[in-house]
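Note on naming: letters A, B, ... go to the chains in the order of the sequence lines (proteins, then strands), and numbering restarts at 1 for each one.
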Amino acid sequence: GAGVSQSPSNKVTEKGKDVELRCDPISGHTALYWYRQSLGQGLEFLIYFQGNSAPDKSGLPSDRFSAERTGGSVSTLTIQRTQQEDSAVYLCASSLTRGGSQPQHFGDGTRLSIL
Amino acid sequence: AQRVTQPEKLLSVFKGAPVELKCNYSYSGSPELFWYVQYSRQRLQLLLRHISRESIKGFTADLNKGETSFHLKKPFAQEEDSAMYYCALRGTSGSRLTFGEGTQLTVNP
């Protein structure tokens, strides 16, 4: 596609439910990143994929958060037993390769609201 | 550890005035620095990166390793420059970007 695509654009769910957020990167981009932007804060790194593997998961805030990537393309971020502090905009980005001054291209994000 | 600080959450200038958005960083190696911009109702997009040493939309930014700064400058601000600006750093060992908290720039007519 023309850019990074994320779905859904908005998600409202009740505390305790599980949610899945989807990211479709730019075709041919091998690196994929998830970030989170909470109200009044900057973007916080969550996890990075190179192909289907995740060499850096250090930003995941708890074991309720997991992510996978299949076929070197689409990635899903899963949050189990959601809490109100999980409310944020979740951004996905992709780049042609890891590092090497390759810019990261961002999607529009998923705005997650936990009631 | 790597850290990016943007000391101003809000910055307001008049059209035609010079503008400088400050960014300071903390990193022990040689980082790559970026400026990203998010216009109203649009996605975050790359504005410029230090390695390119380019001017985009009249904006420039120079990496000052002595002062660990990467301030964004434009000599004559335009109303369409109103947006949220984020400074970001990527270290030599990884791919993650570390962002500052952003500066909301408003250019008044």
Side-chain angles (χ1 to χ4, degrees), chain A residues 1-7 9-10 23-26 29-51 53-60 67 69 88-111, chain B residues 1-10 21-27 29-54 56 61 63 70 83-105:
Chain A
V4 177
S5 178
Q6 291 187 246
S7 61
S9 54
N10 283 283
C23 172
D24 201 342
I26 293 173
H29 281 196
T30 62
L32 185 147
Y33 313 80
W34 284 98
Y35 295 87
R36 175 170 76 172
Q37 185 173 28
S38 303
L39 188 63
Q41 300 188 18
L43 284 83
E44 170 192 17
F45 169 80
L46 298 177
I47 187 170
Y48 150 65
F49 286 92
Q50 180 60 43
S53 63
D56 188 353
K57 307 178 184 180
S58 61
L60 294 178
R69 189 179 184 195
V89 176
Y90 289 81
L91 291 170
C92 177
S94 69
S95 65
L96 195 55
T97 60
R98 169 193 177 277
S101 299
Q102 294 293 330
Q104 295 182 19
H105 300 267
F106 284 80
D108 286 328
T110 294
R111 183 175 297 278
Chain B
Q2 50 197 57
R3 184 181 176 88
V4 176
T5 303
Q6 294 178 248
E8 303 138 329
K9 285 191 182 298
L10 302 171
L21 290 86
K22 291 184 169 53
C23 172
N24 290 91
Y25 67 89
S26 173
Y27 185 69
S30 293
E32 292 179 75
L33 274 297
F34 304 83
W35 276 99
Y36 279 82
V37 61
Q38 188 167 26
Y39 300 101
S40 180
R41 299 190 185 87
Q42 294 187 29
R43 62 182 60 184
L44 194 64
Q45 57 186 283
L46 178 68
L47 180 61
L48 54 78
R49 41 187 162 164
H50 90 269
I51 199 166
S52 300
R53 304 179 73 78
E54 57 199 345
I56 303 293
L63 180 60
F70 188 57
M84 180 68 91
Y85 292 80
Y86 293 96
C87 181
L89 175 155
R90 181 165 60 200
T92 51
S93 61
S95 297
R96 65 161 71 184
L97 288 173
T98 297
F99 286 86
E101 292 189 8
T103 297
Q104 178 68 51
L105 173 66

Please state whether the rings of B/Y85 and B/Y39 are parallel, tilted or perpendicular, taking 30° and 60° as the class boundaries. perpendicular
Considering the options A/W34, A/Y33, A/Y35, A/Y90, which one meets the ring-ring contact (aromatic ring centres under 6.0 Å, His included) requirement together with A/F106? A/Y35
Among A/I47, A/V4, A/D108, which residue has the highest count of heavy-atom pairs closer than 4.5 Å to chain B?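 Between A/I47, A/V4, A/D108, the count favours A/D108.
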Okay, B/L46 and chain A: the region with an atom under 4.5 Å from a heavy atom over there is side chain
Counting only N and O atoms by type, is there a donor-acceptor contact under 3.5 Å from the side chain of A/S5 to the main-chain atoms of A/D24?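 Such a contact is absent between A/S5 side chain and A/D24 backbone.
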Between A/Q50 and A/A54 (side chain of the first, backbone of the second, donor and acceptor by atom type, cut-off under 3.5 Å), is there such a pair?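 Absent.
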Check whether A/D56 gets within reach of chain B through its side chain, its backbone, both or neither, counting any heavy atom under 4.5 Å. side chain
Check each atom of A/Q37 against the heavy atoms of chain B and say whether the ones under 4.5 Å are side chain, backbone, both or neither. side chain
